[in-house]
Amino acid sequence: MKQRVSALLREKLGREVVLEKPRDRSFGHFATPIAFSLAKELRKSPMVIAEELASSFSESAEFSSVESVKGYLNFRLSENFLAEYASWALDNPSAFAKGENNQKILLEFVSANPTGPLHIGHARGAVYGDTLYRLAKHLGYDITAEYYVNDAGNQIDLLGLSIQLYAREHILNESVVYPESYYRGEYLDALSQGAKEHFGIEILSDESRQKELAMWAKDKVMEIVVDTLAQTNIHFDTFVNESGLYKDWDRVMKKMGDNVYEAEGKLFIKSESKGDDHDRVVVRDDGRPTYLAGDIVYHNQKFERGYDHYINIWGADHHGYITRVKAAIDFLGYESEKLEVLLAQMVSLLKDGEPYKMSKRAGNVILMSDIVDEIGSDALRFIFASKKSDTALEFDLAEFKKQDSSNPIFYIQYAHARIQTLLSKATVTKEDISKASLKNLGENADTLLFDALLLPEVVEDAFNSRQVQKLPEYLKSLAASLHKFYYDVRMIGTEDEAKLLKLLLVVALSIKTGLSLMGIEAKDRMEREEV
RNA sequence: GCGCUCGUAGCUCAGCUGGAUAGAGCACUGGUUUGCGGUACCAGCGGUCACACGUUCGAAUCGUGUCGGGCGCACCA
């Protein structure tokens, strides 16, 4: 709709025009303050310009009215236009709100180390990434969801060690002296039991076999990770293992040319010349590559695969890392502007107002799977998608267990279910409904119809701005409009039943489509809580 | 110290490509149809949009500075 209006204005004025939603719906469906910016160049008052523009639109079929108020230009879409659009959407539900972009995008997210289960911090990036992914797909982008598996380096050695430590204490009943850093958590129990069965009990105490143990275990951990993500409707198209990338090492270094140099027996990249604080070590003096080394070969491989655009979602604690990776991409001869890094901020949890502490050292990490068990995948997704990803978030678990309007996911689901209930009570046939006209519905209904048809704009805006919270915000307000409408207007058994139900179908379509873009399935009825 | 980021109602957060009286939910107070699920709806209460200066016809939104919170400043990942 908005595109249509924009296009008309562009045609008329020969320039892009800012369109906004008026705060007060009585002003119309769309508005633009264009007259203010024209005032200077035309040397006329904004009021006069707006008047002139308004009258020039009087012939358009798309608008029922175009008015100028205090210099603003307010557009009201015609019933015909809205009705036709809505009918089209109902006839082509799977095409509703879709777009026609064909850019190839590589979206990398989660990429948690395969050394333990996902915790609550990973969940935020996971939900954010998957929501972006769904939006992009819907808009027609050729997008690939990728998980980078850091299965090389210290953390993997540490995994082998940690399993042995755990097994020695709990399976072999030895007394163990713990080093400064190692992993802990319940999952080690399953891993050590599994290792015992797979390799035999000797591997649990043979230090020379730690690597072998770790390489086996990291695949098991990835199974846990993939499983947790699947619980939340998150799936990846591709997984790239860091360990498989080093065969290209020499070739990649050659590509970097003289942006790599040796000093003190180590290999550096000249990242300082690209705005970094100082040059970074890529290979240590003992020959072991650093974390950055892995990212260099990985990003080289990404760019060799040839996408139009790259998006990485990283935890906010990695933001200092962006410059380095971009520097490396430049050195490799690619355009680092094609890489967009989005940061997901920290999450802190409350339960009934009390902080829910997460401490790695004590091993009582809050697992993503625990939260899913506690409040369900839908609520988890909704919470994380509802907040701007780049601000720290605090939320209370208890709020999302409530079964009433204070719980937004419940509220939206209830709106959808309410519509289904009404449809099941209809005294008219499906055919009556689909043939019904959406005209002459009255003002309340027109407003609701317009709100429901806004989804395409919201989807596009949410993706383009990378602000996925716009979608849940929209769904909340659409649900509110629906509940209010339900309260104000009696539908079943009235003269207008067919057309009103058709209107509700449009609302349901929007809600259902919107929820599915958030990885949430719309419900047709709410289960009453047993009291 | 340097860099990034955030500071909007008692709480959790929207709004930020500058635009018409600053929004929602929670909490608190009070209401609601002799009707489709009251698992809902309405109203009230509550704000110097951290502060200052600047740009502009117009600033919560842009710029600079100050204060405050978070994160980062590894040859750890």
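Values in this document were obtained by computation on a predicted structure and should not be read as measured data. Order of the sequence lines fixes the chain letters, A, B, ..., with proteins taken first and strands second; residue numbering starts at 1 for each chain.
Taking every side-chain heavy atom of A:Pro22 into account, B:A20 is the closest of B:A77, B:A20, B:C71. Nearest to the side chain of A:Asn113, among B:A74, B:A14, B:A77, sits B:A77. Closest to the side chain of A:His318, from the set B:U12, B:A77, B:A74, is B:A77. The side chain of A:His319 lies closest to B:C4, out of B:C36, B:A40, B:C4. Here B:A40 is the nucleotide among B:A40, B:A74, B:A77 with the atom lying nearest to any side-chain atom of A:Tyr414. Side-chain proximity of A:Asp277 to the nucleotides B:G38, B:G35, B:C73 is greatest for B:C73. Residue A:Leu422 has its side chain nearest to B:C36 when only B:A20, B:C36, B:A74 are considered.
Remark: side-chain polar atoms of A:Asp279 are paired, donor with acceptor, to backbone N or O of A:Glu272 under 3.5 angstrom. Distance alone, capped at 3.5 Å, places no donor-acceptor pair between the A:Tyr486 side chain and the A:Ile419 backbone. In this structure a side-chain-to-backbone donor-acceptor pair under 3.5 Å is missing from A:Gln210 to A:Ser162. Judged by distance alone, the side chain of A:Lys218 and the main-chain N or O of A:Asp151 form no donor-acceptor pair under 3.5 Å.
Under the 6.0 Å cut-off for aromatic ring centres, A:Phe30 and A:Phe450 qualify, their centroids lying closer than that.
For the C1' atom pair drawn from B:U29 and B:G46, the interatomic distance equals 12 Å after rounding to whole Å. Rounded to the nearest Å, the gap between the C1' atom of B:G58 and that of B:G54 is 15 Å. Taking atom C1' on both nucleotides, B:G47 is separated from B:A40 by 29 Å, rounded to a whole Å. Across the C1' atoms, B:C49 and B:A59 are found 11 Å apart, a figure rounded to whole Å. Atom name C1', nucleotides B:C67 and B:C51: the rounded distance is 7 Å, in whole Å.
Backbone-only contact: A:Leu393 has heavy atoms under 4.0 Å from sugar-phosphate atoms and none from a base. Residue A:Arg280 is in sugar-phosphate contact alone, with no base atom involved, counting any heavy-atom pair closer than 4.0 Å across all strands shown. Using a 4.0 Å heavy-atom distance criterion, A:Tyr411 is classed as a sugar-phosphate-only contact. Counting any heavy atom pair closer than 4.0 Å across all strands shown, A:Ala417 reaches no nucleic acid atom. Among the protein residues, A:Thr421 comes within range of the nucleic acid bases, having at least one heavy atom under 4.0 Å from a base atom.
In this structure, A:Phe57 and A:Phe63 have perpendicular ring planes: the angle between them is above 60°, well past the 30° mark. Note: A:Trp314 and A:His299 have perpendicular aromatic rings, judged against thresholds of 30 and 60 degrees for the angle between ring planes. Ring geometry for A:Phe268 versus A:Tyr261: interplanar angle under 30°, hence parallel rather than tilted (30 to 60°).
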Worksheet, complete the sentence: For RNA chain B, the dot-bracket notation using Watson-Crick and G-U wobble pairs below 3.5 Å, [ ] for pseudoknot-type crossings and | for other-strand pairs, is (((((((..((((.....[...)))).(((((.......))))).....(((((..]....))))))))))))....
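For A:Met222, the CE atom is densely surrounded, since the number of other residues' heavy atoms within 6.0 Å is greater than 12.
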Please tabulate, one pair per line, each protein N/O and nucleotide N/O from nucleotides 5-10 of chain B that are separated by under 3.5 Å, including the distance.
none

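For B:A20, its base sits under 3.5 Å from the side chain of A:Asn74 at one donor and acceptor pair at least.
Evaluated for a side chain to side chain donor-acceptor pair (under 3.5 Å) with A:Asn312, the options A:Lys302, A:His318, A:Glu146 yield exactly one hit, A:Lys302.
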